[in-house]
Amino acid sequence: MRVDPDSRSAQGLTTFLQFVALNVLYIVACVPVVTAGAATAALYEVALRYADEERGYLITGFLTALRRNLWRGSAVGLLFGVPIVMLGFAAAFWLALGSALGTAVGTITVLFIAYLAAALLYGLALVARYADPLGRTVRNALLLPLGEPLRTLALLLRPVATVSLLYVYPPAAVLVLTIGFSVGAYVDALVLHSVFRRRGDDPTALDPVSPFSGE
């Protein structure tokens, strides 16, 4: 039996295998922990390009983006990631008290964690899309959740849904380890493209030095 490499089924299988390989590469790149930010920025870069043009080399593109965004991606990851972890411990402490005050403070802390988590995702996407100074990237990452509340909610629902699925059905970890991160980044890219296009129409929508005027 002869298989046509240009057929839709063959191309679909090739794309699927590329997303699996990309997922594995991403997990390996996150192993040192401090490079998780850079790895996520690189994953977003190839996902944004693929979602926009439906083409591109996922594997080589990821490796190139990882090298290019290593410093800025890692910096953004640490600047937002460390406070998120610290607030996570604080939220667990207050909620564990079981008092009305503890519940109130814990709930506020959880909401603040969600805000910083959204800013983290935006920050890594900004690293992937724009070659801006670190300070400007962080500032716009903090402003975007306020300027795009509905899209921010959509951006947060995807990882929340993934964690919930793993909690309810642990064997789903197999899917997460094979295609969960790469396909998840593609889903995020669809939301992020909407945000960037909206902001690109108004360069001053966030602040006078907003980068949202194109690539």
Side-chain angles (χ1 to χ4, degrees), residues 16 19-20 22-23 26-27 30 36-52 54 58 62 73 76-77 79-92 94-95 103-104 106-130 137-138 140-200 205-206 212:
F16 173 76
F19 269 92
V20 172
L22 179 61
N23 202 83
Y26 171 74
I27 294 173
C30 288
T40 304
L43 185 64
Y44 271 158
E45 182 170 328
V46 295
L48 284 165
R49 187 181 302 116
Y50 195 85
D52 187 35
E54 294 190 355
L58 297 178
F62 175 81
V76 169
L79 284 172
F80 287 108
V82 172
I84 287 173
V85 172
M86 294 175 64
L87 287 172
F89 282 111
W94 285 105
L95 292 173
T103 300
T107 300
I108 294 173
T109 305
V110 169
L111 292 176
F112 196 39
I113 290 172
Y115 181 85
L116 287 181
L120 170 62
L121 295 178
Y122 278 126
L124 295 174
L126 289 171
V127 169
R129 189 170 176 89
Y130 301 100
T137 299
V138 171
N140 282 288
L142 288 169
L143 290 171
L144 270 170
L146 297 175
E148 298 285 349
L150 292 179
R151 289 170 177 79
T152 297
L153 180 61
L155 200 61
L156 288 175
L157 282 178
R158 198 271 309 167
V160 170
T162 301
V163 173
S164 300
L165 176 62
L166 289 175
Y167 180 79
V168 174
Y169 187 65
V174 175
L175 287 176
V176 175
L177 293 175
T178 52
I179 59 172
F181 293 108
S182 55
V183 173
Y186 178 77
V187 174
D188 289 352
L190 299 177
V191 178
L192 292 166
H193 264 307
S194 175
V195 173
F196 293 150
R197 284 171 183 148
R198 277 168 49 83
R199 295 297 163 178
L206 293 179
F212 300 107

Chemist: Say you draw a straight line from NE2 of H193 to CZ of R129; how long is it, rounded to the nearest 0.5 Å?
Modeler: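 Here the interatomic distance stands at 6.0 Å.
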Chemist: For V127 versus G73, what's the shortest heavy-atom pair and its separation?
Modeler: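 Reported closest heavy-atom pair: CG1-N, 4.0 Å.
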Chemist: Any side-chain heavy atom of T152 sitting closer than 4.5 Å to one from L144?
Modeler: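 No - every pair of side-chain heavy atoms lies 4.5 Å or more apart.
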Chemist: Checking side chain to side chain contact (heavy atoms under 4.5 Å, CB included) for the pair W94/I108: CA distance, chi angles, key distance, verdict?
Modeler: CA-CA 10 Å; W94 285 105; I108 294 173; over 6 Å; no
Chemist: Restricting to non-hydrogen atoms, name the atom on G77 and the atom on L120 that form the minimum distance, rounded to 0.1 Å.
Modeler: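 Taking every non-hydrogen atom into account, CA-CD1, 3.9 Å.
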Chemist: I would like to know whether L124 and F80 meet side chain to side chain contact (heavy atoms under 4.5 Å, CB included); could you show each step before the answer?
Modeler: CA-CA 10 Å; L124 295 174; F80 287 108; over 6 Å; no
Chemist: Which distance, rounded to the nearest 0.5 Å, do you find between the OH of Y122 and the CG of L126?
Modeler: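 Output value for this atom pair is 9.5 Å.
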Chemist: Mind checking what makes side-chain hydrogen bond (donor to acceptor under 3.5 Å, both in side chains) contact with T40, not counting sequence neighbours?
Modeler: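 Expected list: Y26.
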Chemist: Are the ring centres of F196 and Y130 closer than 6.0 Å?
Modeler: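 Yes, the ring of F196 comes within the 6.0 Å limit of the ring of Y130, centre to centre.
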Chemist: OH of Y115: more than 12 outside heavy atoms within 6.0 angstrom?
Modeler: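 Counting neighbours around OH of Y115, more than 12 heavy atoms of other residues, nucleotides or ligands fall under 6.0 Å, so yes.
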Chemist: Identify which one of L22, V176, L177 satisfies the side chain to side chain contact (heavy atoms under 4.5 Å, CB included) criterion when paired with I27.
Modeler: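 The single option meeting the side chain to side chain contact (heavy atoms under 4.5 Å, CB included) with I27 is L177.
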Chemist: Would you please test T178 and F19 for side chain to side chain contact (heavy atoms under 4.5 Å, CB included) and show each step?
Modeler: CA-CA 8 Å; T178 52; F19 269 92; over 6 Å; no
Chemist: Measure across T103 and T107 and return the closest heavy-atom pair with its distance rounded to 0.1 Å.
Modeler: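 Shortest heavy-atom separation between T103 and T107 comes out as O-OG1, 2.7 Å.
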Chemist: Report, one line per pair, each donor and acceptor closer than 3.5 Å where one atom sits in a side chain of residues 83-91; sequence neighbours left out.
Modeler:
none

Chemist: Between V195 and L155, is there a side-chain heavy-atom distance shorter than 4.5 Å?
Modeler: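 In short, these two side chains do not touch, never coming nearer than 4.5 Å.
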Chemist: Rounded at 0.5 Å granularity, tell me how far CZ in R151 sits from CG in D188.
Modeler: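 R151 atom CZ to D188 atom CG measures 14.5 Å (nearest 0.5 Å).
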Chemist: Compare every heavy atom of L142 with every heavy atom of A119, then report the nearest pair and how far apart it is.
Modeler: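 So the two residues come closest at CB-CD2, 4.1 Å.
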Chemist: Enumerate donor-acceptor pairs with a distance under 3.5 Å from any side-chain N or O in residues 159-173 to protein atoms, sequence neighbours excluded.
Modeler:
| from | atom 1 | to | atom 2 | distance (Å) |
| --- | --- | --- | --- | --- |
| T162 | OG1 | R158 | O | 3.0 |
| S164 | OG | V160 | O | 2.8 |

Chemist: Looking at CG of N23 and CG of L175, how far apart are the two atoms once the value is rounded to the nearest 0.5 Å?
Modeler: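 One gets 10.0 Å once the value is rounded to the nearest 0.5 Å.
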Chemist: Measure across F62 and A39 and return the closest heavy-atom pair with its distance rounded to 0.1 Å.
Modeler: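 Minimum heavy-atom separation between F62 and A39: CE1-O, 3.4 Å.
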